[in-house]
There are 2 protein chains.
Amino acid sequence: MRSYRQYCSVAKALDVLGERWTLLIVRELLAQGACRYTDLRRGLPGIATNLLADRLRELEAAGIVEREDAPPPVATTLFRLTERGAALEPVIRALGRWGTPLMRADAPGDRFRGHWLTLPVSMFLADRTPHEPSTTVEIRAADEIAVIEAAAGAVTLRTGVPSRADAVVTTSPQLLLSVLSGHMGIQEATRRGLTLQGSRAALERVLPEAPVTV
Amino acid sequence: MRSYRQYCSVAKALDVLGERWTLLIVRELLAQGACRYTDLRRGLPGIATNLLADRLRELEAAGIVEREDAPPPVATTLFRLTERGAALEPVIRALGRWGTPLMRADAPGDRFRGHWLTLPVSMFLADRTPHEPSTTVEIRAADEIAVIEAAAGAVTLRTGVPSRADAVVTTSPQLLLSVLSGHMGIQEATRRGLTLQGSRAALERVLPEAPVTV
DNA sequence: CCGGATCCGGGTTGATACTG
DNA sequence: CAGTATCAACCCGGATCCGG
């Protein structure tokens, strides 16, 4: 392991986390939970498979990741964060918060994954009518499908197609983030290409009332 | 600039901050404030001068650092964080907090600088007797000299020799951190080689009552 | 399909020397 | 003081291959 050799806790943290891809692997395990090697590759478009294998070994040696040979019917290796690894959530959140303004720039070639919405959803959204029955909004952006659920004061995100949705939003990732962060109204977003089917109220239930400043 | 090309705020942040040395340069500018190229080099032992020049250019292009040609009598270039750069403090603090447990491991070859104590001081120490007149403790560790001042409920660190000190602590960086974090008592530290001259109460005024868990 | 290992070309890093 | 220039070594990304 290459080290900065500085007796400073920031440098020590970066000795372990500072290499390329390492913190993004942690992001994946925070957003997806325990998952397979192949799921990690899907969530890290652009990574070379040898680098993913290397990093997972290093993270395991550092006590951040543990691997588990899942029994049948899964019959595969699962990678999960240890407690020490889960303690990196504040680091990932701080980075994501700081990086949020960079999301407004146009980025044509960027890849997108639905579960990356986990962090923005937790930062921007809230259940504004906690006493009403739960509602779900299906999100379709860049061929990814996810579901935002509002229930009893909590807003959660999960990936995959819901069995039932009160509303379906189809849009680009950029427009979606503008709307979720409250910087663009639904009406304006619709003019720019977002489509909303079903209950508009189900979407408005979770949106911020004013643009969220991060 | 190499990019992950992922439409995710964490990846966007790491596009800008993820290269080797970049976040340590930010740490330096947070801890030292505006400073000269040479001061940065002193605070970043191990960095190659061409890398420092490269990173400063990149940070300037990203709007994180700005350079200012200071007028006489300074007559030199000063580097300082922009507002956007100062907004990285939560990132540095989160990394430093997570990295703190790594400081207990023995690290024989590590370099140390007095101003790196800024973060631990703000995390661990508090003025336990805010109504008493201010006191200062001179810290001598690994040929670096710094001063911890307790005044009116606030604890601050500065580097350099104080004009007057109520106490003088001479020790190794490791022992010092153990004491400041409350994991080792003064008595035990003294047995292990720490020396305390002057007012023991001046040191105890700022120490935590119990080991700080981070 | 899963979880990698291996090989290779090119880019990045780090040490040293040097300069206006 | 604030950097450039140079160069060897290393790391990264892409492609390919391989044992379960």
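Naming convention: chains lettered A, B, ... in sequence-line order (proteins, then strands); numbering from 1 in each chain.
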Residues from residues 4-31 of chain B sitting under 4.0 Å of DNA chain C, heavy atoms only?
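Heavy-atom cutoff 4.0 Å gives E19(B), R20(B), W21(B).
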Residues from residues 52-65 of chain A lying under 4.0 Å of DNA chain C - heavy atoms:
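Result for residues 52-65 of chain A: A53(A), R57(A), sorted by number.
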According to a strict under-4.0 Å criterion, is [X] in side-chain N/O contact with OP1 or OP2 of [N]?
X: T76(A); N: dG3(C); value: yes
X: R2(A); N: dG14(C); value: yes
X: R42(A); N: dC1(C); value: no

Without swapping roles, check the side chain of [X] against the backbone of [Y] for a donor-acceptor pair under 3.5 Å.
X: R55(A); Y: R20(A); answer: yes
X: Y4(A); Y: W21(B); answer: yes
X: S9(B); Y: G99(A); answer: no
X: D166(A); Y: V137(A); answer: no
X: R113(B); Y: R42(B); answer: yes
X: T82(A); Y: I64(A); answer: yes

Going by distance alone, is a donor N or O of one side chain under 3.5 Å from an acceptor N or O of the other, for T76(B) and Y37(B)?
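No, Y37(B) and T76(B) have no side-chain donor paired with an acceptor closer than 3.5 Å.
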Please write out the pairs of protein N or O atoms and N or O atoms of nucleotides 14-18 of chain D separated by less than 3.5 Å, giving the distance to one decimal.
residue	atom	partner	partner atom	Å
dG14(D)	OP2	G46(A)	O	3.3
dG14(D)	O6	N50(A)	ND2	3.2

Using atom CG of L51(A) as one end and atom C1' of dC10(D) as the other, report the distance to the nearest whole Å.
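So the CG-C1' distance, L51(A) to dC10(D), works out to 13 Å.
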Atom CZ of R41(B) and atom C1' of dT4(D): how far apart are they, to the nearest Å?
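Atom CZ in R41(B) sits about 12 Å away from atom C1' in dT4(D).
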Residue pairs passing the side-chain hydrogen bond (donor to acceptor under 3.5 Å, both in side chains) test where at least one lies in residues 95-104 of chain B, sequence neighbours excluded
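Qualifying pairs, neighbours excluded: none.
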Roughly how bent is the helix from dC1(C)-dG20(D) to dG20(C)-dC1(D) end to end, in steps of 10 degrees, with each end axis from five pairs?
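Here the helix ends are tilted 30° relative to one another.
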Could you state the interatomic distance from [atom1] ([X]) to [atom2] ([Y]), rounded to the nearest 0.5 Å?
X: I139(B); Y: L180(B); atom1: CD1; atom2: CG; result: 6.5 Å
X: L194(A); Y: R140(A); atom1: CG; atom2: CZ; result: 13.0 Å
X: R41(A); Y: T49(A); atom1: CZ; atom2: OG1; result: 4.5 Å
X: Q6(B); Y: D110(A); atom1: CD; atom2: CG; result: 8.5 Å

Ion pair present between E188(A) and R191(A), side-chain N to carboxylate O less than 4.0 angstrom?
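Yes, this pair counts.
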Could I get a table of every N or O pair under 3.5 Å where one atom is in the protein and the other is in nucleotides 18-20 of chain C?
none

R36(B) and L78(B), any side-chain heavy atoms less than 4.5 Å apart
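Counting from C-beta outward, L78(B) and R36(B) do come under 4.5 Å.
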Any non-hydrogen side-chain atom of T159(B) less than 4.5 Å from a side-chain atom of E144(B)?
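Side chain of T159(B) against side chain of E144(B), heavy atoms only: no contact under 4.5 Å found.
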